[in-house]
Amino acid sequence: MSTFLELGLKEPINRALTDLGYEKPTVIQEKAIPQIISSTDDLKAFAQTGTGKTAAFSLPILELLDPTNSNVQAIILSPTRELAVQIGNNIKDFCKYIKDIKVTTVYGGSSMEDQIRSLKRGSQIVVGTPGRTVDLINRRALKLGNVQWLVLDEADEMLNMGFKDELDNVLDATPDSKQTLLFSATFPREVEAIAKNYMTKPVEITSGEKNQGSDNVSHEYYSVTERTRYPALKRIADLNPDIYAIIFCRTRRETQEVADNLIKDGYNADALHGDLSQAQRDSVMGKFRKKTIQILVATDVAARGLDVTELTHVINHKLPDQIENYNHRSGRTGRAGNKGISIVLVNGKEKGKLRPIERIIKKKFIETKVPSGKEICQNQLMHLIDKVQNIEVNESQINEFLPNIYEKLEALDREELIKKFVSLEFNTMLSYYENAKDLNDLSSRDNSRARTVNENMTRFFINIGRKDSLNPAKLIGLINDQNIGDKIEIGAIDILDTFSFFELDKNFEDKTLEAFSSNRPDFDGRSVNIEITKKERSGGSGGRRRGGKKPFGKKDGGFGRRRSSEGSSKRSDDSGRRSERRSSDRPKSTGGDRKSSGFGRRRRER
Ligand code: AMP
């Protein structure tokens, strides 16, 4: 792999990249930078979001442009204001050590006068959304007669958004001699038409296979009905205490509704869509970037400009109308080398869209069950225990309080203490999910995809999960390593965050238990154990109250009033509308800092 200097960039640019922590070029940068520097040929680049394409087109332009000439030399078009602002800011960062380069970003929803003033002062690089760019051309405030580079970023999205006429106008305003650089994650017919009509024998480069999704993203689908779509969404959020996700919706209304419901139900969520003012959008995006908001509910368009590299999940509340857009959505996670999960909630009718998407992303969707209440509680408990194990104790600060506390708790032995502390944190959640229904839509199961629910199988719990880098292939390998017997059938596998389930031929139930207990296998240094679990039944999943024991902690479960259970007759969590009215039905964990609870969604603000 080359360095940025070896690609032909000058030292001041390299220094700025070092400041930004860019150590080496990405694949698209390695291909595009020398190509643009050495040739005036047009360029067609297949690049997903998150591959480093902004630097791929802007660095060679910065290398070549003439800082002593104040005419507009490069015009970069992007589909959304957010993306335009982001590109403009990136370029300013890249050229901070080069004198006299000015960048102006133009977009709707912001003062036209300010933008005109900035253009009048002379900018070599203009980044703009198509609509505002055309407005400024028509007002003669933006003159593109000397343009050497025209960049069409996310060309597919610009066409999706109906900017065909604007693109034509901008292309007409630029000289024939310019070099056109077209970047797109997908190449539907409309984008090919632009390439054909406006580009001359373009050189093609790609950052990976055309239209193929990132290798770092796994794709899962959940079968739901309209009634269970929202409760299933909440369960997915509850199963993942550290979730940091974008939930994609198709319309502004759907976006606002889902966000409102989540907020009312106590999640740390907000909405991002085109009905919000620019200031509101900036504020929401700022909070999401800082992780003050954990779940962002957004339309495709509004989320385009959002550059967040650490998303754990992308959730398709509804699939996009155009399946190519699935790639854009799922590409928001699994960035910068991180792993990500793209989840799709589908009803019986929508399932037909999965196969065409699989052909585009060249990956299979894994059918995943909506977690039961018991699984959620188990996951949350393990998450808490992990946190307890890893928490740093600040001796000097707590020392003065400890003698009193030791005295008060003197009568409790270790086991009682653990039980009390777990109950304090979880009584509410356990009762919330007490009679939680099975939300999986078994009726509409696609039998060609569905795992067989087989009475001849035993379901085992295993204490390792996704966080231990377990995946189905590794789990099968681990089971095979135990030499339980020849050709044993393995059934459904459910990998969850900190633990998992697998089904295995019932005839080998005892042998499997024996093998695991005598081999004492470890997985990446973690000792592995398994247990038999009861098969989940519809309407009666875990979290049952045991033997009428009173919960520990305060009478009402540690705080406030006791909440009704998820499956109780008082409320139906299977109806988004009913839970909407009862915001306090969200189970919240207790403890010193309610905000920090994964379950209550309110994260500790950083
Ligand atoms: P982009 O595809 O241009 O939106 O870039 C995605 C993310 O990767 C942004 O946060 C960039 O700052 C970052 N990035 C781009 N190129 C590099 C690089 N060579 N090394 C490290 N990070 C990069």
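Remember, it's 1-based here, ligands and their atoms both numbered in the order they're listed. Just so you know, these numbers come straight off a predicted model, no measurement behind them.
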Practice problem: Mind checking whether Lys24 contacts ligand 1 via backbone (N, CA, C, O), side chain (CB onward), both or neither, at a 4.0 Å heavy-atom cut-off? | Solution: backbone

Quiz item: CG of Asn146 to CD of Gln124: how many Å apart, nearest 0.5 Å?
Solution: 12.0 Å

Quiz item: To the nearest 0.5 Å, how far apart are CD1 in Ile243 and CD1 in Ile295?
Solution: 5.0 Å

Quiz item: Any N or O on Glu23 sitting closer than 3.5 Å to an N or O of ligand 1?
Solution: no

Suppose I only count heavy atoms of [X] and a 4.0 Å limit; which atoms of ligand 1 are within that range?
X: Thr54; value: 1 (P), 3 (O), 4 (O)
X: Thr26; value: 16 (N), 17 (C), 18 (C), 19 (N)
X: Phe4; value: 19 (N)

Exercise. Classify the angle between the aromatic ring planes of Tyr244 and Phe288 as parallel (below 30°), tilted (30 to 60°) or perpendicular (above 60°).
Key: tilted

Practice problem: If the plane angle is over 60° it's perpendicular, under 30° parallel, otherwise tilted; pick one for Tyr221 and Phe365. | Solution: perpendicular

Quiz item: If hydrogens are left out, which of Ala185, Gly52, Ala55, Gly331 has an atom nearest to atom 5 (O) of ligand 1, that is, the closest non-hydrogen atom?
Solution: Gly52

Quiz prompt | Closest to atom 16 (N) of ligand 1 among Lys53, Gln29, Glu154, Gln86 (heavy-atom distance) | solution = Gln29

Quiz item: Is Arg253 atom CZ crowded by more than 12 heavy atoms from other residues, nucleotides or ligands, each under 6.0 Å away?
Solution: no

Quiz prompt | Ionic contact status for Glu192 with Lys44, cut-off 4.0 Å | solution = yes

